[in-house]
Amino acid sequence: MLHYYYMTTKTTKPKKYNLHNPALASISIRVSLAIVFAYAAIGAFIQPNAWIGFVPEFTNNFIDPKLALDIISVLQLVLAVWLVTGVYVKFAAAAAIALLAGVLITDFETILITFRDIGLIGAALALIFLDD
């Protein structure tokens, strides 16, 4: 595992920089995930017709698709803020995993796009193992 980066110039001795920084890694992952959730939520509010296709069809039997999209969007915004605050990170990461896995499981027809959620699930899972 690479923990240190050595910086050298012709006139100086090598300087040792520590690249192992779990706090910075956590912040980076949390902010990145928050941006993804906020982007999707804001996009759904601004252009609902572009996002309504991601609402699983079986939900049409008991809730209006637009209302379902609005509820999911609000949950995504709450999750984005929660991730950025850094409070109860493991629970926020677990909620992110649940939301992303729910999209993958319930909307398999859009796998050409949603397969990317697997990487996001991995990032959220890393937060569970990373933060104390």
Side-chain angles (χ1 to χ4, degrees):
M1 180 183 296
L2 178 66
H3 288 285
Y4 295 98
Y5 171 73
Y6 292 92
M7 179 78 113
T8 60
T9 64
K10 291 181 181 179
T11 58
T12 62
K13 292 183 179 180
K15 291 184 181 179
K16 192 174 177 182
Y17 295 97
N18 186 355
L19 294 180
H20 184 76
N21 191 334
L24 188 57
S26 174
I27 291 168
S28 175
I29 295 170
R30 289 187 292 112
V31 168
S32 297
L33 284 171
I35 290 169
V36 169
F37 286 118
Y39 179 90
I42 293 167
F45 284 128
I46 293 172
Q47 294 181 313
N49 291 337
W51 293 84
I52 200 81
F54 293 102
V55 176
E57 287 187 33
F58 75 87
T59 61
N60 296 350
N61 297 331
F62 52 90
I63 189 170
D64 177 61
K66 174 66 170 94
L67 179 59
L69 183 64
D70 289 343
I71 291 169
I72 292 167
S73 297
V74 168
L75 291 173
Q76 289 175 325
L77 285 176
V78 168
L79 186 54
V81 171
W82 189 8
L83 285 164
V84 169
T85 64
V87 177
Y88 298 114
V89 172
K90 290 181 189 289
F91 292 112
I97 290 168
L99 184 61
L100 293 164
V103 169
L104 284 171
I105 292 167
T106 62
D107 197 13
F108 198 74
E109 293 85 32
T110 60
I111 194 70
L112 290 173
I113 297 169
T114 59
F115 76 93
R116 297 173 186 158
D117 291 349
I118 296 167
L120 298 172
I121 289 170
L125 190 59
L127 282 178
I128 291 174
F129 294 118
L130 186 63
D131 281 342
D132 290 330

**Request:** Check the pair I72 / V103 against side chain to side chain contact (heavy atoms under 4.5 Å, CB included), numbers first and verdict last.
**Result:** CA-CA 11 Å; I72 292 167; V103 169; over 6 Å; no
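The stretch residues 37-57 participates, sequence neighbours left out, in no salt bridge (Lys or Arg N to Asp or Glu O under 4.0 Å) pair at all. For residues 38-47, no pair satisfies salt bridge (Lys or Arg N to Asp or Glu O under 4.0 Å), with sequence neighbours left out. Residue pairs satisfying the side chain to side chain donor-acceptor pair (under 3.5 Å) criterion with at least one member in residues 69-89, sequence neighbours excluded, are listed as follows: K66-D70.
F37 pairs in a side chain to side chain contact (heavy atoms under 4.5 Å, CB included) with only one of the listed residues (V81, L100, V84, V78), which is L100.
Nearest heavy atoms, L79 versus A96: CD2-CA, 3.6 Å. When all heavy atoms of T106 and P56 are compared, the closest pair comes out as OG1-CG, 3.3 Å. Residues A124 and I97 come closest through the heavy atom pair CB-CG1, 3.6 Å. Between A93 and I128, the shortest heavy-atom contact is CB-CG1, 3.7 Å. Annotation for I29 and A123: closest pair CG2-O, 3.5 Å, computed over non-hydrogen atoms. The minimum heavy-atom distance linking L77 with A38 is given by the pair CD2-CA, 4.1 Å.
Using a 4.5 Å cut-off on side-chain heavy atoms (C-beta onward), T59 and P65 make no contact.
Here L75 pairs with I71 under the side chain to side chain contact (heavy atoms under 4.5 Å, CB included) rule; sequence neighbours left out. Evaluation of the side chain to side chain contact (heavy atoms under 4.5 Å, CB included) rule for V36 yields L120 as partners, not counting sequence neighbours. The side chain to side chain contact (heavy atoms under 4.5 Å, CB included) search around F115 returns I111, not counting sequence neighbours. Partners of I118 according to the side chain to side chain contact (heavy atoms under 4.5 Å, CB included) rule, which considers only residues two or more places apart in sequence or in another chain, are L104.
Side-chain N or O atoms of S32 include one that pairs as donor or acceptor with a backbone N or O of S28 at under 3.5 Å.
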Name each donor-acceptor pair under 3.5 Å that joins a side chain in residues 40-51 to protein atoms two or more places apart or in another chain, with its distance.
unit_1: W51; atom_1: NE1; unit_2: G43; atom_2: O; d: 3.4

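Other cluster members for V31: I27, I35, joined by side-chain heavy-atom distances under 4.5 Å among Ile, Leu, Val, Met, Phe, Trp and Tyr.
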